Amino acid sequence: MDISDLLDELNTAQREAVSAPPGNILVLAGAGSGKTRVLVHRIAWLVRVEQVSPYGVMAVTFTNKAAQEMRQRTEALLGIPAAGMWVGTFHGISHRLLRQHWQEAGLPQAFQILDAQDQQRLIKRVLKSLELDESRWPPKQAAWFINSRKEEGVRPGNIPDSGDLTTRQLIRVYTVYEEMCNRMGVIDFAELLLRTLELLRDNEALLTHYQQRFRHVLVDEFQDTNSIQYALLRLIAGKNGFVFAVGDDDQSIYGWRGARIENIQYFSKDLPNTQIIRLEQNYRSTGNILKAANCLINKNQGRLGKELWTDSGDGQLVDLYAAYNEIDEARFVAERVQQWVEGGGKRSEVAILYRSNAQSRVFEETFIAMQIPYRVYGGLRFFERAEIKDALAYIRLCVNHEDDASFERIVNQPPRGIGERTLDMIRATARDQELSQWRAALHCMQTDSLSNRAMVAVQVFVQLIERLSEQIQGLALFEQVDHILQLSGLLEHHTTEKGEKAQTRKENLEELVSAARAFEYEVEENENLTPLDAFLAHAVLESGETQGDAWEDCVQMMTLHSAKGLEFQQVYLCGLEEGLFPHQMSMEEPGRLEEERRLCYVGITRARQHLVLSFAENRRLHGRENFCVPSRFIGELPAGQIQEIRPRAMVSRPITHHSRPSRLGGSTEGINVGQRVTHQKFGEGIVLNYEGHGSHARVQVNFEKAGSKWLVLSYANLTVL
DNA sequence: GCGACATTGTTTTTT
DNA sequence: ACAATGTCGC
């Protein structure tokens, strides 16, 4: 068999990984070292050389986009549709398993998936029913608690009672939340994985079946797996299966949402005869960019160790611009982009990266003023828009009357005279009688416990849903969606609504019908799912941009997080200031600071040809004008690779060559951001920020005992430690 | 039910 | 500063 085409275009390390005999393999793939390529070639190798049936291969990623790309590239390489091969996200694959084995998993056949928003709403209701005050028990915190427990595979009953009151309450919330989910037949994202894990773990026959089927499990972005995902992988691979994992510990940037970088370390301990292969040759960036990246990431402790290199030249130096303020920063970037475009560069080859979304605004304003087309990533996605979620809620309620989340959402949307009072009545009935809200509404009408007016309103609603449920029987998917939009009054509501936004909303709703129409083609061997159910699941699981929409030539603006996996000729890494990047919230803890550093590393390694760093000396943040200290990361870069651009005479602070943040001016002598100080009353703390100068200067100090305080420097009498 | 005011928080994001 | 909620009065 001719396999030369599979290996020809690979380097030695890549070849080693792709052609290794079946076994547990961990590929430590640096940025730009061809990790997806290796993964895809490995699949092709297994199928073509090792004669593994595509049916026995499972490939898992995190995002739908990555899954799609993997599938496409695999099919292109194999030259055949890889039918039977399971390529998808952890959630997608779990969903598939649960749909197939809903009975064994203890789920209703028509179970629906709760997205983050719906989950939050449901938690709010749980808090209310437990009579917990939302200000003392923030729903966000409860959601975080529940999700992180689930991600560790822990049910409410298995949380050790530490005697801590807060924890006890949260366990109660978790318990009730779970009951409500079960009653409503909905599961949240974390539950998707946890249920699947339990399903396989507790079901010998099923587990054996899948272990025998999937002898080869491949994982992308392994450094981003959390505990439950790792457990799932190991369970499916079993004793006789093989895991092929690709990851980069230096690009682990999702620790804050449960990803466990340690999984990389555990891998070789947990799985027998692990072979570790490093991919260090970089095909993306110039030598100078790589040197900067290597030098920075070297400051992290406990790395597995990897040093990127390239055999293409050094290229341009990395530019560093010290802007006067954030407006100057944006202006500088825009002008540079304009020069690039005038020189024949494509706008889509330029990325502006920043730490937080709020930073995009100034760039947007500047780019609009200078008429440079741009596109901002992030923000609300199609299926997350309110009007779309309303429409979906109608559909879901028609499919499953017990779905309280949907009931709440649309019972009075568009307004039909069912106000808070009526709802409270229904909610109370639901609680007391242990009914779904739908049934509670029926109950209220039967028992005549509502005012006449409310009665009629509820009746209208109930009849509407009943009529809709009946009428959509037997219709094609898009007709069902269209029908519901027309008769629910939603479309009409947004049509009569005035304002520019209303027009967009209406268009979005129409777009939903088109999406439903397009979706019909994708409904594959729908595993005992109606097209409508499949469409609903698709909406939740893949709420992303419908697709990579017509690639206009736009400058790309995004956060560092969303830049992972992408590459650009020119990268502007902006807002390199202490407190912003590394972010305030991550500065204290060494572990989180290292994650920030990895984030910076990710940013740097996005650039192919030219990297420009910038920071502002003054920045308006949360309404306050702040003096900024250049990010410590700037000081951690190799001076030889950096070229400072400072056209402004007024700026005179040295930037490179210190890793310590520079000193404050005026009478604030001796006090630096990040320094430990002590105060007579408040005790010890760390200087977080400062503003103003001379005798008016104020510093923000985070005291260990007293918390964060702003102090006027001339009165505070701080002692530097 | 809706508009006017007040309060609140404000890293990163996928599924 | 600012947007996104929540509360209140009509």
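Within every chain, numbering begins at 1; the chains are lettered A, B, ... in the order of the sequence lines, protein sequences first and strands thereafter. On a predicted model such as this, the values are computed, not experimentally measured, just so you know.
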Atom-to-atom span, CG of Leu541(A) to P of dT15(B) - whole angstrom: 8 Å
Once side chain to side chain contact (heavy atoms under 4.5 Å, CB included) is applied, do any residues pair with Asn226(A), and if so which ones, sequence neighbours excluded? Glu151(A), Ile228(A), Gln229(A)
Out of dG1(B), dT12(B), dT10(B), whichever nucleotide has its closest atom nearest the side chain of Lys140(A): dT10(B)
Could you pull out all residues at least two apart from Leu566(A) that satisfy side chain to side chain contact (heavy atoms under 4.5 Å, CB included)? Lys65(A), Met558(A), Phe568(A)
Under 4.0 Å protein heavy-atom contact, by nucleotide of nucleotides 2-10 of chain C - B base, S sugar-phosphate only: S---S----
Contiguous pairing runs of three or more, Watson-Crick or G-U under 3.5 Å, that involve DNA chain C: B:1-10 with C:1-10
Between dT12(B) and His583(A), is there a base-stacking contact, meaning the centre of the base's six-membered ring lies under 5.5 Å from the residue's ring centre while the planes stay under 30° apart? no
Pair of N/O donor and acceptor under 3.5 Å linking dT11(B) base with Arg257(A) side chain: no
Compare the minimum distances between each of dT11(B), dT14(B), dG1(B) and the side chain of Asn412(A), then state the nucleotide with the smallest one. dG1(B)
Can you list everything that forms a ring pair (Phe, Tyr, Trp, His ring centres under 6.0 Å) with Tyr394(A)? Sequence neighbours excluded, please. none
With the six-membered base ring of dT15(B) as reference, does the ring of Phe62(A) sit under 5.5 Å away with planes under 30° apart? no
Sequence-distant partners of Glu492(A), salt bridge (Lys or Arg N to Asp or Glu O under 4.0 Å), two or more places apart: none
Tell me the interatomic distance from Glu625(A), atom CD, to dA1(C), atom P, rounded to whole angstroms. 11 Å
Just checking Ser562(A): base, sugar-phosphate only, or nothing, at a heavy-atom cut-off of under 4.0 Å? sugar-phosphate
Mind checking if Asn357(A) touches a base, just sugar-phosphate, or nothing, with heavy atoms under 4.0 Å? sugar-phosphate
